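This report concerns only the one structure given below.
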Amino acid sequence: MHWLADLLAAIGVVLNGLPQGIMAMTLGFAVFPTSFSFILASAVNGAFGSVAPISFQAESLALTGNLGRTFRERTSIIFGGSIIMLVIGLTGSLSKIVSLLGNDIMSGMMAGVGIMLAKIAIDMTKTEKRTGWLSIAVAVVTYILTKDLVWTIVLSVVLSSLYAAFGEHYRADLPEHVTARRFFLSKPIVNRNVIRGALSLACLNIGANISYGLITGQMIGIKPNPVNLNLLTSTQALADMGTSLLGGAPVESIISATASAPEPVIAGIMMMLIMAVILLVGWLPKIGRYVPSASIAGFLFILGAVVIFPEDAAAALGGAHIMVPAITLVVTAVFDPFAGLMTGAVLKFVLPLVGLGV
């Protein structure tokens, strides 16, 4: 009965990813070409026996939507970030970057991202007040009772969306390119906003690939950790590069319960193929018409304020030298991950040169 356990684990992760897929649609990303990413990653994981799948990730979607002002800016940010990550993955530089900067600075950056997500969640309540606050309230209560992110995202999104649909008669007219079941080319553009966004997305993915990828690998219970971070980074970069040129959404490293299934590689592949089918046949846009963007606010708030921030802030500020990671945290939260990481790097290497080692 291994196949049934694998299937159930895959379905659980799919349920976790669907609301974030709906979030991608509200940002203007096309769902049909995004299926390319899931198919590509399925093939790579099957060929190399990788246990770390990729899927919609709230952090990257929120960051891209926050920094990209238009649809073309957002797809260009994803394309630029994917180029950076592909170079890092193919050269095996991921672990070297972390070793150079230190875990405290990386954790400070991720903790700052947590604050960013919580702020984005609160900002969502300004446009859709009742739906947004209901989503946050349901998410807080659900997480307190269950400590389970899957239940948190499902209940907060479903209940707030039901209220919006029946209480406020919410209906969304999604743009044609979002729902169209065809491919179209989205040419990248380059401007200051895109460059800043691409660098920030790459910094976020450096931290996410390491933390999420290794956590997924730990679920298997095998030492050393079986996740190949360079393969994961290259796969995610190639998937994002292809889908961004076609107007699709970013898909990144996630913490996946498929790693705890009897056959983790097969379960991960099943999850990605199920998601690809849902996108190809057009089921997600039909659901998305009745789901306001603020319905994801509760999940983003819990993810940022309760899951990401406390753990990473403790790791960043738990050592003897806390000034640099603390500044990294604050700059990331106020500006973006790239500004935070670069500030931390400059302080770490410049301060000792002037006799101010901290």
Side-chain angles (χ1 to χ4, degrees), residues 20 23-24 27 29 37 52 54-68 73-89 93-95 97-98 101-121 193-216 229 232-237 239-241 243-244 249-255 299-300 303-305 307-309 311-313 315-316 325 328-345:
Q20 294 167 74
M23 179 184 178
L27 294 172
F29 293 114
S37 299
I54 59 175
S55 186
F56 295 112
Q57 183 202 86
E59 297 93 317
S60 62
L61 287 168
L63 180 69
T64 305
N66 193 42
L67 296 180
E73 278 195 355
R74 290 167 183 169
T75 55
S76 300
I77 286 171
I78 299 166
F79 182 75
S82 68
I83 292 176
I84 297 171
M85 294 307 293
L86 184 61
V87 172
I88 291 173
S93 304
L94 193 63
S95 57
I97 292 173
V98 178
L101 294 178
N103 289 325
D104 54 350
I105 291 179
M106 294 301 302
S107 296
M109 184 267 290
M110 290 300 294
V113 169
I115 296 177
M116 285 184 67
L117 293 179
K119 183 179 183 300
I120 290 170
N193 215 40
V194 169
I195 294 172
R196 175 194 175 198
L199 291 169
S200 296
L201 185 60
C203 290
L204 172 62
N205 281 331
I206 289 171
N209 283 5
I210 292 171
S211 49
Y212 296 173
L214 292 181
I215 289 173
T216 296
L229 291 176
L232 174 61
T233 300
S234 300
T235 303
Q236 167 246 313
D240 277 357
M241 189 178 296
T243 192
S244 64
V251 288
E252 320 291 5
S253 171
I254 60 169
I255 298 174
F299 174 68
L300 288 179
L303 183 65
V307 177
I308 294 177
F309 175 76
E311 182 176 347
D312 283 295
T328 301
L329 189 162
V330 173
V331 172
T332 299
V334 174
F335 296 100
D336 57 67
F338 176 70
L341 212 56
M342 289 302 99
T343 300

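Nothing here was measured: the structure is a model prediction, and the numbers come from that model.
Here the shortest heavy-atom pairing between Ala198 and Gly80 reads CB-C, 3.7 Å. For the residue pair Ala121 and Leu300, the shortest heavy atom distance occurs at CB-CB, 4.0 Å. The two residues Ser60 and Leu201 come nearest to each other via the heavy atoms CB-CD1, 3.8 Å. Smallest separation of non-hydrogen atoms from Ala202 and Gly81: CB-O, 4.4 Å. Closest of all the heavy-atom pairs between Thr216 and Ala52 is CG2-CA, 4.3 Å. When all heavy atoms are compared, the tightest approach of Ile254 to Phe56 is CG2-O, 3.9 Å.
Side-chain contact between Ile54 and Leu232: present, with at least one pair of heavy atoms (C-beta onward) separated by less than 4.5 Å. Within the 4.5 Å cutoff, the side chain of Met109 has no heavy atoms near those of the Ile105 side chain. Between Leu204 and Met110 there is a side-chain heavy-atom pair separated by less than 4.5 Å. Side-chain atoms of Met23 and Phe299, non-hydrogen and from C-beta on, never get closer than 4.5 Å to each other. By the 4.5 Å heavy-atom criterion applied to side chains, Leu341 and Met106 are counted as neighbours. The side-chain heavy atoms of Phe79 and Thr75, taken from C-beta on, include no pair separated by under 4.5 Å. Annotation: side chain of Thr328 is not in contact with side chain of Thr343 (no heavy-atom distance under 4.5 Å). Side-chain contact check for Thr243 versus Pro250: every heavy-atom pair is 4.5 Å or farther apart.
The backbone N or O of Ala58 lies less than 3.5 Å from a partner atom in the side chain of Gln20, making a donor-acceptor pair. Distance alone, capped at 3.5 Å, is enough to place a donor-acceptor pair between the Asn193 side chain and the Leu67 backbone. Without hydrogens or angle criteria, Thr233 side chain to Ile206 main chain gives no donor-acceptor distance under 3.5 Å. A donor-acceptor contact shorter than 3.5 Å is absent between the side chain of Glu59 and the backbone of Leu117. Proximity of a side-chain donor or acceptor of Asp240 to a complementary backbone N or O of Val251 within less than 3.5 Å is detected.
The distance from atom OG of Ser253 to atom CD1 of Ile210, rounded to the nearest 0.5 Å, is 10.0 Å. Distance CD1/Ile308 to CE/Met116: 11.0 Å, rounded to 0.5 Å. Interatomic distance, CD1 of Ile83 versus CD1 of Ile88, reported as 12.0 Å (0.5 Å rounding). From Ser93, atom OG reaches atom CG of Leu229 across 12.5 Å, with rounding to the nearest 0.5 Å. Taking CD of Glu252 as the reference point, atom CG of Leu63 lies at 10.0 Å (rounded to 0.5 Å).
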> Should Leu61 and Leu27 be marked as a side chain to side chain contact (heavy atoms under 4.5 Å, CB included) after you check the CA-CA gap, both sets of side-chain angles, and the distance that decides it?
Replying inline: CA-CA 8 Å; Leu61 287 168; Leu27 294 172; 4.2 Å; yes
>> As a quick check of understanding, evaluate side chain to side chain contact (heavy atoms under 4.5 Å, CB included) for Asn205 and Ile84, giving each step before the final call.
In response: CA-CA 10 Å; Asn205 281 331; Ile84 297 171; over 6 Å; no
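Within a 6.0 Å sphere centred on CD of Glu311, other residues, nucleotides and ligands contribute 12 heavy atoms or fewer.
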